[in-house]
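A quick note: this is a predicted structure, and the numbers were derived from the prediction, not measured. Computed from heavy atoms alone, side chains included, the values below leave out hydrogens, waters and symmetry copies.
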Amino acid sequence: MGSEISKQIQRRKDVLREAKVLRDLSKTCGTQFPGCDYCCLDRKNWMNGLDPRKIPLFKIVWPGTHDSGTNKIGIQFVSRPFAQCQSLIQEDRQLCHGILTTYSVDVILNDVKKFLGETKSEIIILEVRTEFGHQDPPEFDKYLVDQLGEYLIGQDDSVFGKTIVELLPKRVICVWKPRNSPKPQAGGPLWSEGYLKDDWLDTDLPSTKFDSNMKHLGEQPPASMRKYFYRVENTVTPQADNSVVCVKPVTYRIHGYARLFISRCFSKGLADRLQLFSTDFIDADFVDACIGLTCARIEGKA
């Protein structure tokens, strides 16, 4: 018992120390970068607002969400705080996070189609994968194509150099990551897992995650040279051996340092590698930071 208490005290000290590292870094290095002062007036149509004729896919910095379908997972005030991040599925097509489940994947896809119907030129990258320990829903690839077929941008390496206008009216890049079912094939309507990469570090320590993100991003070629999407996740996650296991108080240890990360990318010469940037509990400031950097790239300022 005494050793466990000592361990928790040390973990708390580690969290506080790492939080201070990021605060001090923010004060000394700042959060300025090309496009940092951008404020989007219509975040729902931001790609259309930047002129789709001038935006090749490799110049876009996508603001992304982590575990997007968990906004109503579990029981409110009871189990939801332990899994809510904003999609994973299980064999009955319910979205889940660990052992907790929420609504059917139909709800997500209906929201996607509603969004596409209300916008003109927004390109979505949609990742769907089966949760660990579960089986793939039967014929789920066919289901995705049936639901999104008219919008799907097929798996094709040439897509990365095309502008949004050249891809329209297709607007969804759907990455399907099955556990046991056949993987999507080249030329098909769905994209295979090799086209969406990341280097996930499962930790609740903010500076550790920040540094890991920077290290792995630096190992990537520039976005203009890649034939895959690379994701950086501005998140830290609860650990089972820590007393703080609710998502929001843990992830907020790093949540406010997204602009610092972009700024450091510039100072380290890595800004041309940033492409998908995701977070838990996404907000307007995070979205504006990504849009601002995209706009600076289009204008030749970044």
>> Quick check: is Val287 connected to Ile60 through a chain of hydrophobic side chains (ILVMFWY, heavy atoms under 4.5 Å apart)?
In response: yes
> Cluster question for you: counting only ILVMFWY and a side-chain heavy-atom cut-off of under 4.5 Å, with indirect links fine, are Phe58 and Tyr228 together?
Replying inline: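 No, separate clusters.
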>> The criterion is ring pair (Phe, Tyr, Trp, His ring centres under 6.0 Å); which residues satisfy it with Trp62, sequence neighbours excluded?
In response: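 Trp62 satisfies ring pair (Phe, Tyr, Trp, His ring centres under 6.0 Å) with Phe229 once adjacent residues are dropped.
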> What residues form a ring pair (Phe, Tyr, Trp, His ring centres under 6.0 Å) with Tyr195, not counting sequence neighbours?
Replying inline: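 Counting only residues at least two positions away or on another chain, Tyr195 forms a ring pair (Phe, Tyr, Trp, His ring centres under 6.0 Å) with Trp191.
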Enter the distance from [X]:[atom1] to [Y]:[atom2] here, rounded to the nearest 0.5 Å.
{"X": "Leu50", "Y": "Ile55", "atom1": "CG", "atom2": "CD1", "result": "4.5 Å"}
{"X": "Cys174", "Y": "Ile153", "atom1": "SG", "atom2": "CD1", "result": "11.0 Å"}
{"X": "Ser121", "Y": "Ile164", "atom1": "OG", "atom2": "CD1", "result": "6.5 Å"}
{"X": "Leu205", "Y": "Lys209", "atom1": "CG", "atom2": "NZ", "result": "11.0 Å"}

> Sequence neighbours excluded, which residues qualify as salt bridge (Lys or Arg N to Asp or Glu O under 4.0 Å) partners of Asp211?
Replying inline: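 Counting only residues at least two positions away or on another chain, Asp211 forms no salt bridge (Lys or Arg N to Asp or Glu O under 4.0 Å).
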> Is a side-chain donor or acceptor of Arg226 paired with a backbone partner of Pro221 at a separation under 3.5 angstrom?
Replying inline: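 At least one qualifying donor-acceptor pair exists.
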> For Leu152, does its backbone N or O pair with a side-chain atom of Arg171 as donor and acceptor, under 3.5 Å?
Replying inline: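 No; judged by distance alone, with no hydrogens or angles, the pair does not exist.
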>> Within the structure provided, determine whether Val232 and Leu276 are in side-chain contact (heavy-atom separation under 4.5 Å).
In response: no
> Any side-chain heavy-atom pair from Thr65 and Ser278 closer than 4.5 angstrom?
Replying inline: no
What I want to find out is whether [X] reaches [Y] closely enough, with some N-O distance under 4.0 Å, to be called a salt bridge.
{"X": "Lys120", "Y": "Glu122", "result": "no"}
{"X": "Arg297", "Y": "Asp272", "result": "no"}
{"X": "Asp14", "Y": "Arg17", "result": "yes"}
{"X": "Arg259", "Y": "Asp285", "result": "yes"}
{"X": "Asp280", "Y": "Lys248", "result": "no"}

> Which pairs with one or both residues in residues 51-64 pass salt bridge (Lys or Arg N to Asp or Glu O under 4.0 Å), sequence neighbours excluded?
Replying inline: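 Matches after skipping sequence neighbours: Asp51-Arg53.
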> With sequence neighbours left out, which residue pairs that include part of residues 247-273 fulfil the ring pair (Phe, Tyr, Trp, His ring centres under 6.0 Å) condition?
Replying inline: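 Those involving residues 247-273 are Phe210-Phe261, Tyr252-His255, Phe261-Phe277.
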> What pairs meet the ring pair (Phe, Tyr, Trp, His ring centres under 6.0 Å) rule with one or both residues in residues 12-33, with sequence neighbours excluded?
Replying inline: none
> Is it the case that Lys227 places NZ or CZ above or below the six-membered ring of Phe160, under 6.0 angstrom from the centre and within 45 degrees of the axis?
Replying inline: no
